[in-house]
Amino acid sequence: MFLNGGFATRRSWRRVLARPGGTHRSVTFDARARGRSGTSADCSLRAAIDDVDRVIEATGLDRPILVGWSHGATIAVCCAAECPDLVGGLVLVDGAHPCLPAGRGGKAART
């Protein structure tokens with residue numbers, strides 16, 4: 001499952017998705033208030049994590065590998081930390097910043 005960066009849309013992954021040659025199932029979606037998802041009054045990290053859980057459930061994915069780019073990397077880390085049994089692995093590309101999972105202080109980790 002591919003998680004977009006900041007204000008990117010699922011279209012950002014087109015070239016990447018063309019590479020595996022159809023040997024793996026790939027899921028992309030437009031995050032809240034981006035692309036074709038429509039508007040939203042709640043674009044919080046908590047809402048983004050919940051949306052990933054909903055997409056995993058709706059698509060029937062079994063322990064997907066989350067590929068997160070920029071802000072999507074932050075969301076992927078938080079999802080994996082919060083629900084480790086739900087996520088099969090992580091690929092983090094140009095992560096936005098070191099972070100603590102949601103609900104664990106709510107502040108970025110300092111390195």
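For clarity, every value in this text was computed on a predicted model and none was experimentally measured.
Put simply, CD1 on Ile49 and SG on Cys83 are 8.5 Å apart, with the number rounded to the nearest 0.5 Å. Annotation: the span from Trp69 atom CH2 to Leu3 atom CG amounts to 12.0 Å, rounded to 0.5 Å. If you take SG on Cys78 and CG on Leu45, they are separated by 4.5 Å, rounding to the nearest 0.5 Å. Between the CZ atom of Phe7 and the OG atom of Ser12 there is a distance of 13.0 Å, given to the nearest 0.5 Å.
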Can Leu90 and Ile65 be said to form a side-chain contact (heavy atoms from CB on, under 4.5 Å), step by step?
CA-CA 5 Å; Leu90 298 174; Ile65 295 172; over 6 Å; no
Hey, mind stepping through Glu57 and Val55 against side-chain contact (heavy atoms from CB on, under 4.5 Å) and telling me if it holds?
CA-CA 5 Å; Glu57 184 178 326; Val55 172; over 6 Å; no
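Val67 is not listed as a side-chain neighbour of Met1, based on a closest heavy-atom distance of 4.5 Å or more. For the pair Leu66/Val91, no side-chain contact is recorded, criterion being any heavy-atom separation below 4.5 Å from C-beta on. Side-chain contact between Ile56 and Pro64: present, with at least one pair of heavy atoms (C-beta onward) separated by less than 4.5 Å. Side-chain contact between Leu61 and Arg25 is present, with at least one heavy-atom pair separated by less than 4.5 Å. Val93 has its side chain out of reach of Ser70: every pair of non-hydrogen atoms, C-beta onward, lies at least 4.5 Å apart.
Qualifying side-chain hydrogen bond (donor to acceptor under 3.5 Å, both in side chains) partners for Asp30, counting only residues two or more places apart in sequence or in other chains: none. Annotation: side-chain hydrogen bond (donor to acceptor under 3.5 Å, both in side chains) contacts of Ser44 (sequence neighbours excluded): Asp42. Annotation: ring-ring contact (aromatic ring centres under 6.0 Å, His included) contacts of Phe29 (sequence neighbours excluded): none. By the side-chain hydrogen bond (donor to acceptor under 3.5 Å, both in side chains) test, Asp50 is found to be paired with Arg46, residues two or more places apart in sequence or in another chain being considered. Listed by chain and residue number, nothing satisfies the salt bridge (Lys or Arg N to Asp or Glu O under 4.0 Å) test with Arg11 (two or more places apart in sequence, or in another chain). Residues passing the salt bridge (Lys or Arg N to Asp or Glu O under 4.0 Å) test with Arg63, sequence neighbours excluded: none.
Not one N or O on the side chain of Arg34 forms a donor-acceptor pair closer than 3.5 Å with the backbone of Arg10. Without hydrogens or angle criteria, Ser37 side chain to Ala31 main chain gives a donor-acceptor distance under 3.5 Å.
When all heavy atoms of Leu92 and Ala76 are compared, the pair lying nearest together is CD2-CB, 4.0 Å.
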